[in-house]
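All remarks here apply to the structure that follows.
It should be emphasised that the depicted structure is a prediction, and the values quoted were computed from it without experimental measurement. The sequence lines fix the lettering, A, B, ..., with proteins before strands; numbering per chain opens at 1.
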Number of protein chains: 2
Amino acid sequence: MAEDADPARRSIGARRNPDSADAILEAAEAVLVEAGYAGFSIEAVARRARAGKPTIYRWWPSKAALLLEVYQRQKRVEVPDTGRLEEDLVGFLKNLFAHWRETSSGSVFRSLIAEAQSDETAAAALADYSLGRRSHTGQIIERAKARGEIPAGVDSAVVADLIASFAWRHLLTNRLDENEATIGKAVNYVMRGIAAPAP
Amino acid sequence: MAEDADPARRSIGARRNPDSADAILEAAEAVLVEAGYAGFSIEAVARRARAGKPTIYRWWPSKAALLLEVYQRQKRVEVPDTGRLEEDLVGFLKNLFAHWRETSSGSVFRSLIAEAQSDETAAAALADYSLGRRSHTGQIIERAKARGEIPAGVDSAVVADLIASFAWRHLLTNRLDENEATIGKAVNYVMRGIAAPAP
DNA sequence: ATGCTCAAACGAAACGGCGCGTTTTCAAGC
DNA sequence: GCTTGAAAACGCGCCGTTTCGTTTGAGCAT
């Protein structure tokens, strides 16, 4: 992938070298996938990118910052919009699990969560990110509300939190190959809770 | 806490020294609480326990093993049994969050989850543990089933997984001071999903 | 425009420091 | 004599930083 950095990539003068930045980000992703979070060190990334450590430290103040940018470069998961809430939720989770399994996104996100447990920067970044995107799930639920499929009183933040928690836990415990039935069942419980009139 | 190890604690001959083991476990807990997971190293624990590193490595093959034993020494959280499922679930989550906040259990468990992302041993131990205890939540739900409060067809594993996920996510994102209303709301959604007749 | 100087970023190498996991040494008690 | 424990030292790797020489754009004067 990025293992043979362009030998012509050299300093381009008194401004940031985008080639270096790219090489570093790609190397970071590659190291993460190949060696896992345990083998993810600034040294290893620098070696892999054929870059100097100071170059990395200049642009990314912490391991967490680098991880975060790698994560943000990832392709986004597809969010279905079928017109039925339950179908959307199950489809989204299936897409998400497949995405996490089949691309490096899963490794990167797992690492970010782990890093957040010991690095304040990572924790803040993760919180920002979660809050900022308001999660795809929230949008799915809001759409269902807008078309009157579920009561307007439903607190989409709470529901989205439940779904997101489910996804996180499966990611962190390496159960992304969960069969569709389990996903469907979990979503179904939440779904009925949403749809039922408040007691 | 364990900072002044008994100066009289010395080798007791050809068997394991329980005083040393205790001192090491207590030191590990103290280091984790005071310096966090980032500062948790075998060296630091050995220093704190006034023990030699080889002594630690002899009895705990990895950092994960030590973490796990520290976690298992913790006091258990109280599981309510009021005769009403919703009350039990909310009460349990409240107890659990308070327990995680006010004792070192939260720090230890967070660290264990983080460690599991880079250490295979920790991952296996965590999976064993989660599976083995079948979670307190599962017992709560099974009780409700036994007294006929909810349909016998309810899959308690799935529901317990939802509740546990909710708890994990709040632990990992440092939101253990969530107000009672949020907990209640989340549980309420799940509850109604359980109670409602399958569509 | 042209040419000069300065500042910035680059890769590479080296630094001291620390934690790793291991090995060795020595003393103590069964 | 056996096992255990404490202590010290080992080589290794990564940390975050500093220094070096080189490359190049930007700013300014001519």
Whole angstrom is fine here: how far is it from CH2 in W59(A) over to P in dG11(C)?
12 Å
Hey, would you say the F166(A) and F166(B) ring centroids sit under 6.0 Å apart?
no
Take the protein atom CZ of R48(A) and the nucleotide atom P of dG11(C), then report the distance between them rounded to whole Å.
16 Å
Whole-Å gap separating P (dG5(D)) and CG (D19(B))
11 Å
Centroid-centroid under 6.0 Å between Y71(A) and Y129(A) rings:
yes
Should R58(B) be listed as having a side-chain N or O under 4.0 Å from OP1 or OP2 of dG5(D)?
yes
Quick one: do E78(B) and K94(B) make a salt bridge, cutoff under 4.0 Å?
no
R73(B)/D22(B) salt bridge by N-O under 4.0 Å criterion
yes
Atom pair distance, as rounded to whole Å: CD1 in I56(A) and P in dA9(C)
16 Å
Please report the distance, rounded to the nearest Å, between CG in D22(A) and P in dA9(C).
17 Å
Distance, rounded to the nearest Å, where Y37(A) contributes OH and dC14(D) contributes C1':
14 Å
side-chain hydrogen bond (donor to acceptor under 3.5 Å, both in side chains) partners for T82(A), two or more places apart
D88(A)
Check this for me: does any side-chain nitrogen of one of K145(A) and D155(A) sit under 4.0 Å from a carboxylate oxygen of the other?
no
Does dA9(C) have OP1 or OP2 under 4.0 Å away from a side-chain N or O of T55(A)?
no
Whole-Å distance separating the CG atom of D119(A) from the C1' atom of dG16(D):
14 Å
With sugar-phosphate taken as primed atoms, P, OP1 and OP2 and all else as base, the protein-contact string of nucleotides 15-25 of chain C at under 4.0 Å (heavy atoms; B, S, -) is ----SBBBB--
